[in-house]
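Heavy atoms only: backbone and side chains are in, while hydrogens, waters and symmetry mates are out. These numbers were taken from a predicted model, which means no experiment stands behind them.
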Amino acid sequence: MVKILAFSGSARKDSFNQKLVTLAAKGAEKAGGEVTVVNLADYPMPIFDQDFEAEQGMPETAKAFKKLLIEHDGFLIASPEYNSAFTPLLKNVLDWASRKEGDEQPLAAYRGKCAAIMSASPGALGGLRGLVFLRMLLANIGVVVLPGQYALTHASQAFSVNDQLSDEQINTTVLNLGAELVKYSSKLKAE
């Protein structure tokens, strides 16, 4: 069975991006994936600093998050856009998890994995500009990023009371993104 880790680059309460990635996770589950949804607020860690790492080692929360990445075959990632890029929170956790420990292979948390990316924003572009940089970073560390992605515009008005998307067509698009990740991760895992 394909294991999918779903998380967002936001630690805000009632985050649009956490809601969006949780919805995509339901699509992955319906497609047969075993999905773990986490919130990065549960993994606080200092800003990556190589001197800190040399003196104190990798923080326990960074080790725990990295372990989750290693244990999963694919990632569903949603991120807000901050000044035309993805969030510093997301960059920091990805940086910590990229660090090699002991005799493990370089970038063990990323190489051979697939990701589906998405964003949500109250604005008219839906966080689309940040996905460009997220796609580039993930590809550079060995993650196969699916060509399809989704940017939810006007997110403050898009969700219904039960955290589903009010527009059924958009709801289906996001569910399908999760399903596509399971499909591609299965193929990659089989190789």
Worksheet, complete the sentence: Tightest non-hydrogen contact, residues Gln18 and Ser8, listed as OE1-OG, 2.7 Å

Worksheet entry | Test salt bridge (Lys or Arg N to Asp or Glu O under 4.0 Å) applied to Asp167 - qualifying residues, sequence neighbours left out | none

Worksheet item: Is it the case that more than 12 heavy atoms not belonging to Asn162 sit under 6.0 Å from its CG atom?
Response: yes

Discussion item. For a quick test of reading the model, state the closest non-hydrogen atom pair linking Ala115 to Val143 and the distance between them.
Written reply: CB-CG1, 3.6 Å

Discussion item. Taking Leu69's backbone N and O only, do any of them form a donor-acceptor pair with Lys113's side chain (distance below 3.5 Å, no angle check)?
Written reply: yes

Worksheet item: Among pairs that include at least one residue of residues 120-149, which meet side chain to side chain donor-acceptor pair (under 3.5 Å), considering only residues two or more places apart or in two chains?
Response: Glu81-Arg129, Arg135-Gln149

Worksheet item: Does a side-chain heavy-atom distance below 4.5 Å link Asp42 with Asn39?
Response: yes

Fill in: Distance, nearest 0.5 Å, that separates CG of Asn92 from CZ of Phe48
9.0 Å

Worksheet entry | Atom pair CG/OG1 of Asp163 and Thr22 - distance to nearest 0.5 Å | 8.0 Å

Discussion item. My understanding is that a hydrophobic cluster links ILVMFWY residues whose side chain heavy atoms are under 4.5 Å apart, including indirect links. Using that, what else belongs to the cluster containing Phe16?
Written reply: Val2, Ile4, Leu20, Val21, Leu23, Val35, Val37, Leu76, Met118, Leu146, Tyr150, Leu152, Phe159, Leu165, Ile170, Val174, Leu175, Leu177, Leu181, Val182, Tyr184

Worksheet entry | Same apolar cluster: Met1 and Leu5, side chain cutoff 4.5 Å | no

Practice prompt. For residues 49-70, pull every pair meeting salt bridge (Lys or Arg N to Asp or Glu O under 4.0 Å), keeping only residues two or more places apart or in separate chains.
Written response: Glu53-Arg99, Glu60-Lys63, Lys66-Glu101, Lys66-Glu104, Lys67-Glu71

Item to complete: Name all residues meeting the side-chain contact (heavy atoms from CB on, under 4.5 Å) criterion together with Pro46; count only those two or more places apart in sequence or in a different chain, and write none if there are none.
Response: Phe52, Pro59, Trp96

Item to complete: Count the heavy atoms of every other residue, nucleotide or ligand shown that sit under 6.0 Å from CD of Gln50, and state whether that count exceeds 12.
Response: no

Worksheet item: Residues in salt bridge (Lys or Arg N to Asp or Glu O under 4.0 Å) with Lys30, at least two apart?
Response: none

Worksheet entry | Charged N-O contact under 4.0 Å between Lys3 and Asp73 | no

Discussion item. For Ser10, is there any backbone N or O sitting under 3.5 Å from a side-chain donor or acceptor partner on Ser15?
Written reply: no

Discussion item. As an exercise, state the distance from CG of Leu134 to OG of Ser119, rounded to the nearest 0.5 Å.
Written reply: 9.0 Å

Worksheet, complete the sentence: For Ser185, the side-chain hydrogen bond (donor to acceptor under 3.5 Å, both in side chains) test, sequence neighbours excluded, returns none

Worksheet item: Mind checking whether Gln164 and Lys26 have side chains closer than 4.5 Å, heavy atoms only?
Response: yes

Worksheet, complete the sentence: ring-ring contact (aromatic ring centres under 6.0 Å, His included) pairs touching residues 53-81, sequence neighbours excluded, are Phe7-Phe65, Tyr43-Phe65

Discussion item. Rounded at 0.5 Å granularity, tell me how far CD1 in Ile77 sits from CD1 in Ile117.
Written reply: 8.0 Å

Item to complete: Keeping the roles fixed (side chain from Lys100, backbone from Gly102), state whether a donor-acceptor pair exists under 3.5 Å.
Response: yes

Item to complete: List the atom of Ala151, the atom of Leu131, and the distance in Å for their closest heavy-atom pair.
Response: CB-CD1, 4.5 Å

Worksheet item: Which ILVMFWY residues are connected to Val144, directly or by a chain of links, through side-chain heavy atoms under 4.5 Å apart?
Response: Leu188

Worksheet, complete the sentence: Residues at least two apart in sequence or cross-chain that pass side-chain hydrogen bond (donor to acceptor under 3.5 Å, both in side chains) with Ser98, listed by chain then number, are none

Worksheet item: Is it the case that one hydrophobic cluster holds both Tyr82 and Leu137, taking links as side-chain heavy atoms less than 4.5 Å apart, direct or via other members?
Response: no

Discussion item. Using the rule that Ile, Leu, Val, Met, Phe, Trp and Tyr join whenever any side-chain heavy atoms are under 4.5 Å apart, tell me whether Leu107 and Met58 fall into a single cluster.
Written reply: yes

Worksheet item: Short question: side chain of Tyr110, backbone of Leu94 - any donor-acceptor pair under 3.5 Å?
Response: yes

Worksheet item: Got a sec, which residues hit side-chain hydrogen bond (donor to acceptor under 3.5 Å, both in side chains) with Asn171, two or more places apart in sequence or on another chain?
Response: none

Item to complete: Is it possible for you to say whether Phe133 and Val145 belong to one hydrophobic cluster, with membership spreading through side-chain heavy-atom contacts below 4.5 Å?
Response: yes

Response to the item:
Residue set satisfying side-chain hydrogen bond (donor to acceptor under 3.5 Å, both in side chains) with Lys91, at least two apart, ordered chain then number -> Asp95

